[in-house]
There are 2 protein chains.
Amino acid sequence: MSSVKRTSRDIRTANRYEVLRQIIAESPTSRQELAAATGLSLATVATLVGELLDLRLITEVGFEDSAGGRPRGLVAVNTSGGALIGVDIAETYVRVELFDLALNVLARADEDMRPGESRPEQVVGHVAAAVGSVVTQAGVEGARVLGVGVSVPGQVDREGGVSEYAPNWDWHDVPLLDLLAEHIAYPLYLDNPLRACAVAELWFGAARGRGDTVVVNLGTGVGAGLVLGGGLHRGVSNSAGEWGHTTLVLDGRLCHCGNHGCVETYVGAPGIMLHLRELSPQSTLLHPEDQTATIDALARGVADRDPVAVKVVRDTARYLAAGIADLVNLLNPEVVVLSSWVAATLGEPLLTEVREAVARHALRRPLAAAEIVLSPIPTDPVCLGAATFALEGALSSISQRPAKRTAPTRSRTAPLS
Amino acid sequence: MSSVKRTSRDIRTANRYEVLRQIIAESPTSRQELAAATGLSLATVATLVGELLDLRLITEVGFEDSAGGRPRGLVAVNTSGGALIGVDIAETYVRVELFDLALNVLARADEDMRPGESRPEQVVGHVAAAVGSVVTQAGVEGARVLGVGVSVPGQVDREGGVSEYAPNWDWHDVPLLDLLAEHIAYPLYLDNPLRACAVAELWFGAARGRGDTVVVNLGTGVGAGLVLGGGLHRGVSNSAGEWGHTTLVLDGRLCHCGNHGCVETYVGAPGIMLHLRELSPQSTLLHPEDQTATIDALARGVADRDPVAVKVVRDTARYLAAGIADLVNLLNPEVVVLSSWVAATLGEPLLTEVREAVARHALRRPLAAAEIVLSPIPTDPVCLGAATFALEGALSSISQRPAKRTAPTRSRTAPLS
DNA sequence: GGGACTTTATAAAGCCCCTTTCCTAACCCC
DNA sequence: GGGGTTAGGAAAGGGGCTTTATAAAGTCCC
């Protein structure tokens, strides 16, 4: 057989996700509202809510006022019913956040990594320390940590928990989860930041309750997470979404991937800095060794109508829009989300320019269907997405039958005669 | 709710497709083989085979020799159990093919359209004439025609049967199926050639039994059909796959879509001709008014090691490969199929060059997973795909309960107290 | 030629989903 | 406190798939 075997169980899992998503999004809510929002029958919603109650993921929190008639029972996320941890391993830092079940950040730990620290053991050490730290800070008991999602750049084998290739450290087939498991006792889940951001948007962001979505990630690196058909599109070897190395300019700038003119070299933070330097080598906006400071300065510059800043952002938006228009034509998504720190920092001015430029490039019909937005997620989307992987893991590992409290009542009748 | 609601019925439909696909692919086959090939249980396969037998789509054709044990019953496509018609409406011609249920071509009719003939009524007239012709030629009774699939270029609303936008004739919102229904009494299905080719590959070609596939269409126009997650990816407004207008060269050749440097202007037949003319304006390969003749001549030229032809094909392959590499990185498919007449005509030499050039551009991991092949479909893939839409339509409209042909033979034993 | 063994195909039963229907519970208002 | 109204749960029903049992149809061998 070819593609994954679909079974009725997948429907159940998807519905369970959907209901929980809805509850998290709108926290005191009633079964009626859930049924309306998900399109499921009241009975199904009731059983799913029952499951989630049994798992202590949600609790009953009173009743709605009624104007004649039995009042609706309200359920809400049981914020103290568990904790989820998201780990964002990046090139220069490790960030770990601990969330309650409403996905509020309860604790955060950042560890900087010096340029030399590229051995897996060193990275694992930082992660373990930070995870220990957030658990202590938040004061949760270990037993309540439902899982730890880990995001590591590059190519990932999620089932095996292996970082197959991490370009920044030249890792090859590092069994990251096994190494982490020696220090961390909670269930571990591995994936990469592109997919973490995408799943964060799917659960809590601009893709929630919408159709096909492209999550465009603008950070130091660039990539796209694809939410197609209601779920993450992973491709056949879990490496879909490598959009950063799409050729944008034939024979353009040299990229570290070896090709020329990749999207990433124009709209990634280093590419933006390069453009700024080319335009105005002496610009006060430029902080040569600090991407974050430079992008921050650019954003302020745009607000102050600094012509250089405006031009840099506009040019960046045009490059970006050329790429996004191609995505819109190819995939015909309902939503395109601009995510990650560069997008968050440059914000509305970037968005406006991108919208205009995409409108000039894309075909009419797919364009009409596509809405381009900034990510509405206020915190670090990678940590949030990583934690979401842990949440999904915890939810999908419910398979034990409800235990059917059958006393041993001579179940199988003896053969009569 | 957002994306399509999935129900257990969809599973059944998918399984029915899968079983029939398998039977068509390997025609006398047994239930055992089907179960092994599809991963379904024997019982499920048996019921599905029963359904297909009831529908007269397949028949029992004897038994396998056995070496001890009951021999396996063999089933095969019931070629004479029905006919399917595929209609390929293109810019300059209408081609109609009539297929038996094994998807062999039984009859074909081509109608040329003069440049002036762009009114929907004129096109509909040609289609109706050609459909009538193939039915007569093949000598099938009308009642045995299960459906007619129609492919029309551009943007299509398949539910409504409307051609929302056809660039070559500047059609807007033409209710094509309604117009056709006045002349054609069979069930009608509408879509566009990109998706027709993709679905042809999914059922009968390189995507059968494989994972995610990109079908790259090289004809006068260029586009991509996406087979993701075991089914056609349509996007949110059924216009996914518009890959021909992806920007390949910033500020490159002007495209009729209004942009510059679209893939289509380089690897579509007119683009290839333009390149040939630029390289060698007096080339004997060039047939200024005839795309087909020129591409044929190019193919022969490559076989004869004509340096101009070789260079044109190599350059075309490089442009094409740059685009394909981006698709491979973005979608991480298992298969990339080169389809349509330009790909079929240029054949192996093009494929070889494309493979090499993609290998230079794509990232290692997605590249390793992707196999690039020529379409193995020997006939017109658009007609075949269109007919496949009709087949899918006929199959999915089975909802009537099997009627339980219980002769009153007291089958159910009376309760023996 | 008839048992023994093997293999296939169908029937029955069980489990998992989801939905519809019915009924009780809970609340408002008069 | 009763009538009207709405919520929520239990039961029944329908569709799907699988496992297990049984019937059917062969081969092989004595």
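Below, chains carry the letters A, B, ... as their sequence lines are ordered, and counting in each starts from 1.
Using a 4.5 Å heavy-atom cutoff, the side chains of Q32(A) and V45(A) are not in contact.
A donor atom on one side chain and an acceptor atom on the other are not found under 3.5 Å apart for T44(A) and T47(A).
Rounded to whole Å, atom P of dT27(D) lies 15 Å from atom CZ of R72(B). To the nearest angstrom, P of dG16(D) lies 17 Å from CD of E18(B). In this structure, E60(A) atom CD and dG9(D) atom C1' are separated by 13 Å, rounded to whole Å. Rounding to whole angstrom units, CZ of residue R31(B) and C1' of dT8(C) are separated by 9 Å. A straight line from CD of E33(B) to P of dT7(C) spans 16 Å, rounded to a whole angstrom. The CD-P distance, from E51(A) to dG8(D), rounds to 17 Å in whole Å.
A salt bridge is defined here as a Lys NZ or Arg NE, NH1 or NH2 lying under 4.0 Å from an Asp or Glu carboxylate O, and E60(B) with R31(B) meets this definition. The pair E201(B)-R21(B) does not count as a salt bridge, with every side-chain nitrogen at least 4.0 angstrom from each carboxylate oxygen.
For the pair N78(A) (side chain) and L57(A) (backbone), a donor-acceptor distance under 3.5 Å is absent.
G73(B) comes within 4.0 angstrom of sugar-phosphate atoms only, judged by non-hydrogen atoms across all strands, and of no base.
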Query raised in the report: Using a cut-off of 4.0 Å between protein heavy atoms and nucleotide atoms, how would you tag nucleotides 17-30 of chain C 5' to 3' with B, S and -?
Result: SSBB----BBBS--
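Put simply, the residue from T59(B), L395(B), V75(B), V77(B) that forms a side-chain contact (heavy atoms from CB on, under 4.5 Å) with L52(B) is L395(B).
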